[in-house]
Amino acid sequence: MEIGIIGAGNIGGNAARRFALGGHGVVLSYSRDPANLDELAREIGGTARVGTPAEAAGCDVVMVSVPWPMIDDAIDRAGSLEGTVVIDTTNQFSSGGVVTFPGGGTAAQYNAARMKGARYTKSFNTLTAGFQAQAADRPARDRVVQWVCGDDGEAKALVMGLIDDAGYASVDLGGLAGCAVMEAPRRAGAVYGEEWRLPDALAVAEAVRLGRAIPETPAY
Ligand SMILES: NC(=O)c1ccc[n+]([C@@H]2O[C@H](COP(=O)([O-])OP(=O)(O)OC[C@H]3O[C@@H](n4cnc5c(N)ncnc54)[C@H](OP(=O)(O)O)[C@@H]3O)[C@@H](O)[C@H]2O)c1
């Protein structure tokens, strides 16, 4: 599969490395200094290449991984996302702190609405980039969970396969309306900012599905 990355920085850069190690092609885009993308493509090697955000959006899957204030610009430069499977890694931090949404919706709902026509998923957003890099590819029983939410089941299944290929354990946290537990800020009663592994994470998904409080964060 070819995966476009819009914002190949801390999170997108690590994901690109991991996808490439998992056997996928990557197209790196969106930088203030194209030399940064060239350098990353060289480092990854193989079929990794640099492209425009529109080229990244033309791949089988596109990851949007830019700072919150840059999302509208990234979407504009991507062009049409109609029918495109998107992985959104962003968290709603602006210069004023954590952004809240009218009506109490989730950041994922807000972003899905502005990525018109996209087959939207959200993932790779709950753990620091350093930890994601360091914890990738552990033996199966210790694998770190990357949560996924989305309202398009097929898109979510495809993204879960990519997460597994990237060296993590994928867990479906449900739809966009109920995914607040995987969104910023770090707080009691949420999975954001915490390490989870299987099978504990499956109990979280079940609690979210049933509208119950999630289990306490395990200590590994
Ligand atoms: N960092 C984390 O630990 C972490 C963890 C979970 C989720 N997230 C979320 O994931 C998203 C990406 O985070 P990140 O830390 O990976 O971001 P980042 O490295 O600061 O930025 C991502 C990429 O966007 C490009 N970029 C930044 N500002 C730009 C601008 N004004 N114009 C054009 N390109 C620009 C940068 O390229 P150049 O620097 O080459 O210009 C960079 O490679 C954010 O929404 C963040 O909240 C981050």
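First listed ligand is number 1; within each ligand, the first listed atom is number 1.
With a 4.0 Å heavy-atom cut-off, ligand 1 is reached by the backbone of T90 and by its side chain too. Here D73 has no heavy atoms under 4.0 Å from ligand 1, in either its backbone or its side chain.
Closest to atom 45 (O) of ligand 1 among all protein heavy atoms lies V66 O, 2.8 Å. Nearest non-hydrogen protein atom to atom 47 (O) of ligand 1 is N91 N, 3.3 Å. Nearest protein heavy-atom neighbour of atom 31 (N) of ligand 1: M70 CE, 3.3 Å. Nearest protein neighbour of atom 13 (O) of ligand 1, counting heavy atoms only, is I11 CG1, 4.2 Å. Atom 34 (N) of ligand 1 has Y30 CE2, 3.3 Å as its closest protein atom, hydrogens excluded (heavy atom only). The nearest protein atom to atom 39 (O) of ligand 1, hydrogens excluded, is given as R32 NH2, 2.9 Å; this is a heavy-atom distance.
Within ligand 1, the atoms closer than 4.0 Å to a non-hydrogen atom of L127 are 5 (C), 6 (C), numbered from 1 in the order shown. Near G7, the atoms of ligand 1 lying under 4.0 angstrom from a non-hydrogen atom of the residue are 23 (C), 24 (O). Short contacts between ligand 1 and A129, defined as distances under 4.0 Å to a heavy atom of the residue, involve ligand atoms 2 (C), 3 (O). Set against the non-hydrogen atoms of N36, the atoms of ligand 1 under 4.0 Å away are 38 (P), 40 (O). Close approach of ligand 1 to T89 is summarised as follows: ligand atoms under 4.0 Å from at least one heavy atom of the residue are 7 (C), 8 (N), 9 (C), 10 (O), 11 (C). Those atoms of ligand 1 that come under 4.0 Å of a heavy atom in N125, given as number and element, are 6 (C), 7 (C).
Annotation: F93 places no N or O atom under 3.5 Å from an N or O atom of ligand 1; distance criterion only. Looking at ligand 1, you won't find any N or O of T128 less than 3.5 Å from one of its N or O atoms. At under 3.5 Å, a nitrogen or oxygen of N10, whether backbone or side chain, sits near a nitrogen or oxygen of ligand 1.
For E39, the CD atom is loosely surrounded, since the number of other residues' heavy atoms within 6.0 Å does not exceed 12. Atom CZ of R187 has more than 12 neighbouring heavy atoms from other residues, nucleotides or ligands inside a 6.0 Å radius.
The distance from atom CH2 of W196 to atom CD1 of I214, rounded to the nearest 0.5 Å, is 5.0 Å. Between the CG atom of N14 and the CZ atom of F131 there is a distance of 11.5 Å, given to the nearest 0.5 Å. Between the CG atom of D172 and the CE atom of M160 there is a distance of 5.0 Å, given to the nearest 0.5 Å.
Under the salt bridge (Lys or Arg N to Asp or Glu O under 4.0 Å) rule, E195 has a single partner from R143, R186, R138, which is R138.
Below 30°, between 30° and 60°, or above 60°: for Y168 and F124 the angle between ring planes is above 60°, a perpendicular geometry.
A donor-acceptor contact shorter than 3.5 Å links the side chain of D88 to the backbone of T90.
With a 4.5 Å cut-off on side-chain heavy atoms, I163 and S123 count as touching.
Under 3.5 Å, the side chains of Y30 and D73 contain a donor-acceptor pair of N or O atoms.
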Practice task
Give the intermediate values and the outcome of side chain to side chain contact (heavy atoms under 4.5 Å, CB included) for residues R17 and L40.
Solution key: CA-CA 9 Å; R17 290 183 187 93; L40 181 60; 3.5 Å; yes

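Residue T126 places no heavy atom under 4.0 Å from ligand 1.
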